[in-house]
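All values below come from the heavy atoms of this structure, side chains included, with hydrogens, waters and symmetry mates left out. Just so we're on the same page: letters track the sequence lines, and every chain starts at 1.
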Protein chains: 2
Amino acid sequence: MAMTSERTDDPACTGDPPGDHTGDPRGTTHGGPVSHSLSRVARLHRIAAGKLLRRTGLYPGQEFLMMRLWNTDTVRQSELIKAMDLDPSTVTKMLQRLDQAGYVRRSADPEDRRAVLVEATGESCTLRSEVADAWTDLEEQTLAGLDEAERGELARLLAKVEENLCRETQECPERRGEAGTAAEERRPADRE
Amino acid sequence: MAMTSERTDDPACTGDPPGDHTGDPRGTTHGGPVSHSLSRVARLHRIAAGKLLRRTGLYPGQEFLMMRLWNTDTVRQSELIKAMDLDPSTVTKMLQRLDQAGYVRRSADPEDRRAVLVEATGESCTLRSEVADAWTDLEEQTLAGLDEAERGELARLLAKVEENLCRETQECPERRGEAGTAAEERRPADRE
DNA sequence: ACGTATTCCTTGGCCGACCAAGCTAAACTC
DNA sequence: GAGTTTAGCTTGGTCGGCCAAGGAATACGT
């Protein structure tokens with residue numbers, strides 16, 4: 001079916017790499033770098049999450065958002081964006097889909113006419129326990145066979161890695177409360 | 001079922017979760033479950049990879065494929081799919097884009113007229129060292145501040161998690177031993 | 001030989017996620 | 001006030017990734 005280009009068949013650069021990057025029998029890149037492993041694990045983890053979440057009707061990524069929504073009854077979209085540290089456009093599209101699915105309601109903020117207020121609908125509450133169960137299952141699937149010490153160690157190392165990557169990508173404005181969910185609530189109930 | 005915007009005025013299910021999943025004062029889920037952390041790390045890692053890869057013109061995910069291609073001079077697409085353990089359609093689309101970008105060439109297999117042979121083009125060789133450098137940088141960014149022991153431990157734990165998720169999703173057909181990762185990098189039973 | 005898997009790949013649709021622009025409404029100058 | 005910046009969100013595009021179907025060529029069973 002119509003290969004695009006018929007060209008000289010140069011043998012590519014098969015064989016040894018130009019630099020001496022890969023020839024590293026022992027050392028940092030032994031047995032596949034951690035980055036490699038991390039990518040694979042991330043993908044598998046997302047697949048597993050997707051499978052568990054499927055029965056709830058949510059797609060992986062949306063649970064994050066819904067969980068935040070279930071904790072605070074009405075949130076500004078900008079707060080959501082900051083809390084999840086996602087691109088604004090990503091959140092917009094997710095909310096559009098969740099809105100259409102009936103899990104979320106959006107309304108204009110009367111106080112700031114360019115802002116949007118978001119809240120979870122009553123129907124979404126049905127999902128809440130299912131999502132929580134799915135995450136519990138996922139956690140157990142992920143960590144099966146690891147004892148408490150290993151789990152703690154993994155959590156610790158991941159946190160360290162996260163901080164590294166945060167700093168590097170500058171995607172992490174500042175450490176927002178990771179222990180408490182609503183640690184940095186702006187103005188709780190600032191209605192007048 | 002035209003349920004675009006259904007009115008339910010109940011104030012969502014704000015407050016405490018129905019089950020008691022989250023209330024885990026001490027123990028495994030301290031500071032958020034590992035799944036949560038893993039998701040965030042995965043995203044940051046991908047962003048970092050994307051930034052490093054940007055100058056090469058590749059998108060994160062494509063380097064995997066190119067690396068495989070650079071090692072073996074001509075590969076059947078089905079081999080690629082198995083090696084990377086991706087969905088066939090994903091590989092097809094990636095190859096279409098890489099082909100159009102000039103980094104890859106596809107041709108019909110004369111031996112099996114439904115198969116497609118893939119090889120890296122000569123132009124792609126320019127990228128090779130850049131990609132290798134990017135991965136080295138990424139590895140260092142990711143693991144900054146972790147000593148050798150910690151790195152090893154992280155690699156070990158990730159491998160365990162990977163196996164867990166593999167088994168669960170059945171997405172992992174045995175490690176095909178072809179220039180593959182050292183699956184036996186860990187001696188059995190040398191725990192402390 | 002003939003029908004039936006099975007393999008290999010492609011298309012189309014969908015989602016999360018990014019970036020690049022853009023548009024509106026506030027806030028901040030002057 | 002008028003002009004400029006900034007915050008808040010949206011649209012459109014691209015990519016990796018999945019699934020669900022489908023088309024073609026091969027392999028298999030009888």
Side-chain angles (χ1 to χ4, degrees), chain A residues 1-3 39-40 42-54 57-66 75-82 84-101 106-118 169 171 173 186, chain B residues 39-40 42-54 57-66 75-82 84-101 103 106-118 169-171 173:
Chain A
M1 27 193 79
M3 291 300 125
S39 300
R40 285 194 309 258
R43 189 181 135 266
L44 291 170
H45 187 260
R46 177 168 262 264
I47 291 178
K51 289 201 170 162
L52 287 172
L53 245 30
R54 173 159 301 184
L58 292 178
Y59 288 82
Q62 298 182 334
E63 358 81 78
F64 265 79
L65 211 158
M66 291 309 296
V75 200
R76 234 190 209 76
Q77 189 163 324
S78 60
E79 275 300 319
L80 265 181
I81 290 168
K82 245 194 321 184
M84 318 220 332
D85 196 31
L86 285 176
D87 192 88
S89 61
T90 300
V91 174
T92 293
K93 286 176 189 170
M94 275 172 83
L95 286 177
Q96 287 172 345
R97 284 156 185 158
L98 287 170
D99 185 359
Q100 200 186 354
R106 289 138 83 213
S107 53
D109 185 347
E111 315 245 334
D112 189 338
R113 294 182 52 193
R114 65 210 151 140
V116 171
L117 297 177
V118 186
T169 59
E171 284 270 343
R186 282 177 47 123
Chain B
S39 299
R40 284 193 310 257
R43 188 180 135 266
L44 291 170
H45 186 260
R46 177 168 263 265
I47 292 177
K51 289 200 168 159
L52 287 172
L53 245 31
R54 173 159 299 185
L58 291 178
Y59 287 83
Q62 298 182 334
E63 357 82 78
F64 266 79
L65 210 157
M66 292 309 296
V75 201
R76 232 185 214 80
Q77 189 163 324
S78 60
E79 275 302 317
L80 264 182
I81 290 167
K82 246 193 322 186
M84 318 220 333
D85 196 29
L86 285 176
D87 192 88
S89 62
T90 300
V91 174
T92 293
K93 286 177 190 169
M94 277 170 81
L95 287 177
Q96 287 171 345
R97 285 157 185 158
L98 287 170
D99 185 359
Q100 200 184 357
Y103 297 145
R106 289 138 79 214
S107 53
D109 186 347
E111 314 244 335
D112 188 339
R113 296 180 52 190
R114 66 208 151 142
V116 171
L117 297 177
V118 186
T169 59
Q170 269 105 11
E171 283 268 344

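- Among pairs with a residue in residues 86-98 of chain A, none fulfils salt bridge (charged side-chain N to carboxylate O under 4.0 Å, His left out), at least two apart in sequence or across chains.
- Taking F64(B) as the reference, H36(A), W135(B) meet the ring pair (Phe, Tyr, Trp, His ring centres under 6.0 Å) condition, with sequence neighbours excluded.
- With sequence neighbours excluded, no residue satisfies side chain to side chain donor-acceptor pair (under 3.5 Å) with Q62(B).
- In this entry the distance linking CD of E111(B) with P of dC8(C) reads 14 Å, nearest Å.
- The separation between Q77(A) atom CD and dT24(C) atom P is 18 Å, rounded to whole Å.
- R106(A) is linked by a salt bridge (charged side-chain N to carboxylate O under 4.0 Å, His left out) to D99(A), counting only residues two or more places apart in sequence or in another chain.
- In this structure, R54(A) does not reach the dC14(C) phosphate: none of its side-chain N or O atoms is under 4.0 Å from OP1 or OP2.
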Can you pull every protein N or O that's under 3.5 Å from an N or O on nucleotides 5-7 of chain D?
residue, atom, partner, partner atom, Å
dA7(D), N3, R114(A), NH1, 2.9

Spell out protein contact along nucleotides 11-17 of chain D as letters: B when the base is contacted, S when just the sugar-phosphate is, - when no protein heavy atom is under 4.0 Å; keep the 5' to 3' order.
BBB-SSB

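- Look at R106(B) and you won't find any side-chain N or O under 4.0 angstrom from OP1 or OP2 of dC8(C).
- One interatomic measurement links the two molecules: CD of E79(B) to C1' of dT7(C), which rounds to 13 Å at whole-angstrom precision.
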Ignoring hydrogens and angles, write down the donor-acceptor pairs under 3.5 Å from the side chains of residues 108-118 of chain B, residues two or more places apart or on other chains.
residue, atom, partner, partner atom, Å
D109(B), OD1, E111(B), N, 2.8
D109(B), OD2, R76(B), NE, 3.4
D109(B), OD2, R76(B), NH2, 2.6
D112(B), OD1, R114(B), N, 3.3
D112(B), OD1, R114(B), NE, 2.9
D112(B), OD2, R114(B), NE, 3.4
D112(B), OD2, R114(B), NH2, 3.4

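- Residues forming a side chain to side chain contact (heavy atoms under 4.5 Å, CB included) with I81(B) (at least two apart in sequence, or on another chain): Q77(B), P88(B), V91(B).
- Atom-to-atom, CZ of R76(A) to P of dT10(D) comes out at 14 Å; the value is rounded to the nearest Å.
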